[in-house]
Amino acid sequence: MARARADGKAGKMASYIINGPAKNFGGSVKISGSKNAALPIMAAAMLSGGRCVLKNLPHLSDTGAMAEIMTSLGCSVERKDSALEITADITKPRRKCGYELFSRLRASVLIMAPLLARFGRAKIPMPGGCKIGARPIDLHLKGFSAMGAKIRQGHGMIDASAPDGLSGCRIYLDFPSVGATENLMTAACLAKGTTVITNAANEPEIADLAEFLNKMGARVSGAGSDTVTIEGVSALRGCEHKIIPDRIEAGTFLVCAAGLGAGIRLEDARPPHLKSLLAKLSEMGADCEAGADFIELRPSGRPKTADIKTMPYPGFPTDLQAQATALLATCEGSGMVVETIFENRFSHIPELRRMGAGIKTEGNAAFINGVRHLSGAEVSATDLRAGAALVTAALKAGGKSVIHNIEHIERGYENFTEKLRALGADIERTD
Ligand code: EPZ
């Protein structure tokens, strides 16, 4: 049956078949590099003509799409095992960016920074919204125009130009937008003078991007706080950088195990990046131990329910909201989830109801009456984290679940079925 694929191309979508509950789930799993750190860092590598070697860069459809965009612009992008080598030794981008390629991922908007800052012109298709919300880019464009860019919009394109370069300035973000902070911080590295971004996002991926930029010779300070200062420099060089572990992948595995009352050990994890989830899991009765680069969840009984409200970092991450909702669906008691970041991030809930979850929604709040058991069902992934929530539920549901449109999931989880199978899940992928 032909379905709209996650990459926008028509064609049959693949499915996962999961037989639950996964009785002997547990063991250890190595966390991959962070998708949401890799994407802005890949784009930022275009700020220089030098060779950038990005280690621990996950094999995902999103990083693949970003590599395709950069290749289409004339960069050399070479995958070498878990590293990616990028050389943007170009005098100007090869051609304008195609809609099909750009519409595959939201993070394509991050290409604006190097195009504008290094080449003086960024003409890209307007990034579309997606299931989780309108996802405008007004804060990005407001920041670029404050830095002196002329912005024109029309025919589905955004055309930003700064032929005489960008100038440093003070920028206040009306919302601590992750993407806007990344785009403006990256562009400011080559601006004349100093840029100060206040009310900046402080997610760990921003600090990782700043570390990469400084290795290129940039002068970024304050990343990881709500005020980032960037002193512009005239040129940047290539460098080597290891991408931080993916805190959302790590959180997803923790939630899968907690829902089964199983133990799990995450290797190459960064506990400080998951403080809010670890606190919530402990509140629910889980027994977690965190070391320098591992997190261990010990087997426990049925978790108690909790209330969760998503907030900008270091609050509870919106990217774990769907998975946590699937966890609460079988907890003891009634819980509530409030989604404050995106206006439409409950598309997993009707699918969880098909599996027997007792969830009602009212605006951006979901009220969850925990049930003892979910039952396997045929469901569809509508976006990346909604899909991860369905996997979380299917692992503990009784019987067979078929999850359609799993290309959404594979945008953000490297070797997902292999890792789950190694942990004891009965899962297979069918094309
Ligand atoms: C990043 O998206 C992540 N993506 C998202 O992860 C994550 O959910 C989000 O940050 C919030 O943490 C990547 O890093 C590639 P935002 P981004 O700009 O940058 C509004 C996943 O599952 N907004 O912080 O697009 C926006 O509509 C993905 O891995 C404006 O209004 O998020 C949203 O309501 C999903 N105007 C809120 O801010 C703007 O100009 C947060 O968006 C920009 C954003």
Side-chain angles (χ1 to χ4, degrees), residues 6 32-44 58 60-63 65-66 69 102 104-113 126-146 151 153 158 160 171-186 197 199-209 226 243-244 246-252 273 276-277 310-324 339-345 347-348 364 381-389 408-414:
S32 298
S34 161
K35 165 179 84 81
N36 291 350
L39 293 170
I41 287 173
M42 286 174 72
L60 302 166
S61 47
D62 268 12
T63 49
M66 182 62 94
I69 288 172
F102 260 68
R104 282 199 221 159
L105 80 160
R106 289 274 314 153
S108 55
V109 70
L110 300 173
I111 283 286
M112 285 191 78
M126 287 187 72
C130 64
K131 283 279 178 196
I132 61 177
R135 303 186 78 177
I137 59 166
D138 54 313
L139 300 178
H140 301 237
L141 301 182
K142 205 165 116 183
F144 285 135
S145 51
I151 312 274
Q153 298 186 53
I158 294 170
I171 298 169
Y172 171 79
L173 292 179
D174 299 337
F175 181 87
S177 153
V178 171
T181 303
E182 291 166 342
N183 232 344
L184 299 171
M185 183 169 88
T186 300
I197 304 172
N199 199 29
N202 51 39
E203 273 69 358
E205 293 76 31
I206 309 250
D208 201 34
L209 173 59
D226 60 8
I243 305 287
I244 55 169
D246 192 315
R247 62 191 168 101
I248 304 302
E249 182 198 17
T252 303
H273 295 169
S276 56
L277 176 65
T310 64
M311 296 294 280
Y313 192 85
F316 194 93
T318 176
D319 291 348
L320 285 174
Q321 177 264 108
Q323 302 91 313
E339 170 59 63
T340 70
I341 306 293
F342 288 103
E343 67 268 29
N344 186 25
R345 205 167 195 177
S347 60
H348 48 289
N364 69 342
T382 49
D383 65 73
L384 165 55
R385 307 303 175 185
H408 289 290
I409 302 173
E410 295 180 337
R411 294 181 47 184
Y413 290 91
E414 185 179 49

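Heavy atoms only: backbone and side chains are in, while hydrogens, waters and symmetry mates are out. Whatever order the structure lists ligands and atoms in, that order sets their numbers, starting from 1.
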For this session: Would you indicate which of P127, P136, A38 comes nearest to atom 23 (N) of ligand 1 when only heavy atoms are counted?
Result: P136
Exercise. Taking NZ, NE, NH1 and NH2 as the nitrogens, is one of them in D319 or K35 under 4.0 Å from a carboxylate oxygen of the other?
Worked result: no
For this session: Pick, from D174, T318, N344, V178, the option with the minimum heavy-atom distance to atom 1 (C) of ligand 1.
Result: V178
Seminar exercise, completed: shortest atom 15 (C) of ligand 1-to-protein heavy-atom contact is with N36 OD1, 3.3 Å
For this session: Return yes or no for this condition: an N or O of A180 is under 3.5 Å from an N or O of ligand 1.
Result: no
Problem set entry | A201 to T181 - nearest heavy-atom pair and separation | N-OG1, 3.0 Å
For this session: Indicate, as side chain, backbone, both or neither, the part of H140 found under 4.0 angstrom from ligand 1 when only non-hydrogen atoms are considered.
Result: both
Exercise. Is there a donor-acceptor contact under 3.5 Å linking the side chains of S347 and T382?
Worked result: yes
For this session: Report, in ascending order of atom number, the atoms of ligand 1 lying under 4.0 Å from any heavy atom of K35.
Result: 21 (C), 29 (O)
Exercise. Can you find an N or O of I341 that's nearer than 3.5 Å to an N or O of ligand 1?
Worked result: yes
Exercise. Have H408 and D383 got a donor and an acceptor in their side chains that come within less than 3.5 Å?
Worked result: no
For this session: Please indicate whether any nitrogen or oxygen in S177 is less than 3.5 Å from any nitrogen or oxygen in ligand 1.
Result: yes
Problem set entry | Closest to atom 35 (C) of ligand 1 among E205, R345, R385, K142 (heavy-atom distance) | R345
Exercise. Given Q323 and T252, is the side chain to side chain donor-acceptor pair (under 3.5 Å) satisfied, shown in steps?
Worked result: CA-CA 7 Å; Q323 302 91 313; T252 303; 3.1 Å; yes
Seminar exercise, completed: G179 heavy atoms within 4.0 Å reach ligand 1 at atoms 18 (O), 19 (O)
Problem set entry | V178 backbone acceptor or donor facing E203 side chain under 3.5 Å | no
Exercise. By number and element, which atoms of ligand 1 are closer than 4.0 Å to a non-hydrogen atom of L384?
Worked result: 22 (O), 29 (O)
Exercise. Is it the case that Q321 and H348 place a side-chain donor and acceptor less than 3.5 Å from each other?
Worked result: yes
For this session: With heavy atoms only and a cut-off of under 4.0 Å, state how L139 meets ligand 1: side chain, backbone, both or neither.
Result: both
For this session: Return a yes/no value: protein heavy atom under 4.0 Å from atom 21 (C) of ligand 1?
Result: yes
For this session: Output all residues satisfying ring pair (Phe, Tyr, Trp, His ring centres under 6.0 Å) with F316, sequence neighbours left out; order by chain, then residue number.
Result: none
For this session: Using distance alone, determine whether D138 and ligand 1 share an N or O pair under 3.5 Å.
Result: yes
For this session: Establish, from distance only, whether the side-chain atoms of R385 and Y413 form a donor-acceptor pair under 3.5 Å.
Result: yes
Exercise. Judging by distance only, is a nitrogen or oxygen of I132 under 3.5 angstrom from one on ligand 1?
Worked result: no
